[in-house]
Amino acid sequence: MTSDRTFVIVGASLTGAKAAETLRAEGFDGRVVLIGAEDERPYERPPLSKDYLRGEVDRETVYVHPEEFYAEHDIELRLGRSAVSLNAAGSELTLDNGERLRYDRLLLATGAEPRRLSIPGGDLDGVLYLRSVADSDALRGRLDRGGAVVVIGAGWIGAEVAASARQRGLEVTVVDPLTVPLERVLGSEVGAVYRDLHLDHGVQMLHGTAVEAFEGDTAVERVRTIDGRELECDFVVVGVGVHPRTGLAAEAGLAVDNGILVDKHLQTSAPGVFAAGDVANAHHPFYGEPVRVEHWANALHQGPVAARAMLGQSAVYDRLPYFFSDQYDVGMEYAGFARTWDRVVFRGDPATREFVAFWLTGDRVVAGMNVNVWDVIDPIQRLISERVAVDDRRLADPDVALEELVPADAGSAA
Ligand SMILES: Cc1cc2nc3c(=O)[nH]c(=O)nc-3n(C[C@H](O)[C@H](O)[C@H](O)COP(=O)(O)OP(=O)(O)OC[C@H]3O[C@@H](n4cnc5c(N)ncnc54)[C@H](O)[C@@H]3O)c2cc1C
């Protein structure tokens, strides 16, 4: 019988909410406590740089569950409350109001937080970051007033904010030290597609330089770059990556290395303690090494796997990494995980912004991305997970269905 057991989840966002939902769906009838530092019930972050930021959808659309869901499922939702210390040996968590909470199983779903720039002027009013719905509301207020924005960083957040700001009619300048947007993940060839997309929409793209200081009296008025440019602006958005929130785990002595280290069952180095979502650096059976990604789909699917593992089921997280992005009228999906590759093969002309790109090592696809081409993500994932040997010419040929490249009898390697 489970009814006298307490399962605690720290982090009331997508990972935590899906884990709580799964505990109940699997029939767990003990106590479920979901603790969230934010005042909002769990919500999804992708809209915060896209349609929600632009004011095209209302607040209700971003929540993971309707308000009544938590009470209806007897999930104790503690909002505006932080867990401040963990005693893993004693199975006890301390909250910021001094309350001590004993648990039988604990899930750490503490996510990630934006990396802050510590440069002169970094604290000026109008230097904004984007992680929470409150951040998105503040940024939307700025977009409503119009003017000029400088976006620091051409990663996913920076690129999506730049697109949304242009769509709202602002003057937008992007500053990034690499040669094209999204270069770290996509490489220079595919990153160039996004550079041209932003250029075509009138964004000033300043690559190969970096911000040195923000200047202004009390609010930011200009951005100074290391190559001596002075960019006048009304506000700044900084999107230079995130840090996994590992403090609680690290102070409790759990193994931490680029996130909380967990095995394929999402179990940490402490018995009974699990971690999932952006904060987890999870051993991936397909890659044979720890993988930590900051993707919506990872939060969506790891939460339920962690919940099942907490219940003692032999749940394993082995999905390939997957993410999506929307900028202007260009949508994409990306599957796989490629730190290195030896070439990129295109199916379709990237200049048309309707194509599929494959990253290859030897004769194997290690990642694939469909841009404004839909219903192909399944065969792309199978090419990767089944380690299919491919021929570049057939891969590039749109007359050869991707399904044809995956042998019907290919055994799943993932
Ligand atoms: C603006 C934006 C746009 C995005 N767009 C996309 C996209 O298009 N595609 C995509 O794949 N991914 C996207 N992502 C990434 C995706 O949203 C994240 O991967 C996902 O939110 C991770 O969920 P999580 O639950 O693991 O962590 P988080 O969403 O970071 O949530 C963690 C929660 O834990 C709480 N918390 C932390 N520490 C404590 C504590 N000690 N006590 C109590 N509570 C605590 C935090 O307050 C937070 O609410 C985007 C992210 C952002 C910010």
Side-chain angles (χ1 to χ4, degrees), residues 8-20 33-54 62 64 77-86 93-97 99 101 106-115 128-137 139-140 153 155-161 163-164 182 185 237-239 241-252 259-260 266 275-282 292-304 306 321-327 331-335:
V8 176
I9 301 168
V10 180
S13 187
L14 183 58
T15 303
K18 294 310 280 187
V33 186
L34 179 55
I35 302 164
E38 296 181 63
D39 291 324
E40 294 290 333
R41 72 179 193 269
Y43 58 87
E44 314 227 9
R45 297 182 199 272
L48 306 185
S49 50
K50 308 179 185 72
D51 48 2
Y52 181 80
L53 174 62
R54 296 191 298 272
V62 305
V64 180
L77 187 56
R78 305 274 194 90
L79 297 178
R81 191 92 292 148
S82 291
V84 292
S85 77
L86 165 63
L93 200 63
T94 304
L95 308 186
D96 57 356
N97 60 352
E99 182 184 345
L101 204 51
L106 173 68
L107 173 62
L108 298 173
T110 48
E113 61 194 320
R115 200 163 75 75
L128 307 181
Y129 291 79
L130 176 57
R131 183 74 190 177
S132 66
V133 71
D135 296 337
S136 184
D137 287 342
L139 182 50
R140 191 203 299 194
W156 296 108
I157 299 290
E160 289 190 351
V161 167
S164 287
L182 307 162
V185 181
V237 182
V238 181
V242 297
H243 290 301
R245 283 199 198 89
T246 54
L248 201 57
E251 283 164 27
I260 304 172
L266 307 181
D278 277 14
V279 78
N281 194 9
R292 191 181 72 78
V293 294
E294 295 145 6
H295 301 162
W296 170 88
N298 185 63
L300 183 75
H301 297 299
Q302 277 195 347
Y322 163 92
F323 67 88
F324 61 91
S325 175
D326 296 314
Q327 294 167 45
M332 61 73 91
E333 297 173 286
Y334 177 105

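Counting convention: from 1, in listed order, for ligands and their atoms alike.
Protein heavy atom in closest approach to atom 44 (N) of ligand 1: Ala37 N, 3.0 Å. Here the heavy atom of the protein found nearest to atom 42 (N) of ligand 1 is Ala83 N, 2.9 Å. Ranking protein heavy atoms by distance to atom 39 (C) of ligand 1, first place goes to Thr110 CG2, 3.8 Å. Ranking protein heavy atoms by distance to atom 15 (C) of ligand 1, first place goes to Glu294 O, 3.6 Å. The single protein non-hydrogen atom nearest to atom 4 (C) of ligand 1 is Pro46 CA, 3.5 Å, given as residue, atom name and distance. For atom 8 (O) of ligand 1, the nearest non-hydrogen atom of the protein is Lys50 NZ, 2.5 Å. Nearest non-hydrogen protein atom to atom 46 (C) of ligand 1 is Arg245 NH1, 3.6 Å. The protein heavy atom nearest to atom 35 (C) of ligand 1 is Gly11 CA, 3.8 Å.
When all heavy atoms of Pro114 and Leu130 are compared, the closest pair comes out as CG-O, 4.4 Å. Across all their heavy atoms, Gly36 and Ala12 have their closest contact at CA-CB, 3.6 Å. The minimum heavy-atom distance between Leu107 and Ala276, with the atom names listed, is CD1-N, 3.9 Å. Taking each heavy atom of Val279 and Gly111 in turn, the nearest pair found is CB-O, 3.5 Å.
Taking any N or O of Ala299, backbone or side chain, none lies under 3.5 Å from an N or O belonging to ligand 1. Looking at ligand 1, you won't find any N or O of Leu48 less than 3.5 Å from one of its N or O atoms. Of the polar atoms of Ser49, none of the N or O atoms is found under 3.5 Å from an N or O of ligand 1, judged by distance alone.
Ring orientation note: the planes of Phe323 and His295 are tilted relative to one another, at an angle of 30° to 60°.
Near Phe323, meaning under 4.0 Å from one of its heavy atoms, ligand 1 places the atoms 11 (O). Close contacts between ligand 1 and Arg131 involve ligand atoms 28 (P), 29 (O), 30 (O), 53 (C) [criterion: under 4.0 Å to a heavy atom]. Interface of Gly277 with ligand 1, defined as ligand atoms under 4.0 Å from a residue heavy atom, comprises 26 (O). Of all atoms in ligand 1, listed by their number and element, those nearer than 4.0 Å to a heavy atom of Thr15 are 23 (O), 24 (P), 25 (O), 26 (O). The distance from ligand 1 to the heavy atoms of Leu14 drops below 4.0 Å at these ligand atoms: 25 (O). Distances below 4.0 Å separate heavy atoms of Ala109 from the following atoms of ligand 1: 32 (C), 33 (C), 34 (O). Heavy-atom proximity to Glu38, at under 4.0 Å, picks out these atoms of ligand 1: 47 (O), 48 (C), 49 (O). The contact set between ligand 1 and Ser82, taken as ligand atoms under 4.0 Å from a residue heavy atom, comprises 42 (N), 43 (C).
With a 4.5 Å cut-off on side-chain heavy atoms, Ser325 and Glu160 count as touching. Between Glu40 and Val62 there is no side-chain heavy-atom pair separated by less than 4.5 Å. Considering only heavy atoms from C-beta on, Val10 stays 4.5 Å or farther from Leu86 through its side chain.
Nearest residue to atom 12 (N) of ligand 1 from Phe324, Trp296, Tyr52 is Trp296 (criterion: closest heavy atom). Looking at Ala297, Gly239, Gly111, it is Gly111 that brings a heavy atom closest to atom 27 (O) of ligand 1.
If you look at Ala112 next to ligand 1, the close heavy atoms, those under 4.0 Å, all belong to the backbone. Heavy atoms of Ile157 found under 4.0 angstrom from ligand 1 belong exclusively to the side chain. Counting heavy atoms closer than 4.0 Å to ligand 1, residue Asp278 contributes atoms from both its backbone and its side chain. Of the heavy atoms in Arg45, both backbone and side-chain atoms come closer than 4.0 Å to ligand 1.
At least one heavy atom of Arg81 sits less than 4.0 Å from an atom of ligand 1. A heavy-atom separation below 4.0 Å is not found between Glu40 and ligand 1.
Classification of Arg115 and Glu294 as a salt-bridged pair fails, no side-chain N sitting under 4.0 Å from a carboxylate O. We find that Asp278 and Arg45 are not joined by a salt bridge, their nearest charged nitrogen and carboxylate oxygen being 4.0 Å or further apart.
Taking OG from Ser82 and CG from Leu95, the interatomic distance works out to 8.5 Å, rounded to the nearest 0.5 Å. With rounding to the nearest 0.5 angstrom, the CD1 atom of Ile260 is 10.5 Å from the CZ atom of Arg292. The OG atom of Ser164 sits 11.0 Å away from the CZ atom of Arg140 when rounded to the nearest 0.5 Å. A distance of 10.5 Å separates CZ of Arg131 from OG of Ser49, quoted to the nearest 0.5 Å. Remark: Ile35 CD1 to Thr110 OG1 distance equals 11.5 Å, nearest 0.5 Å. Taking OG1 of Thr246 as the start and CD of Glu251 as the end, the distance is 9.0 Å to the nearest 0.5 Å.
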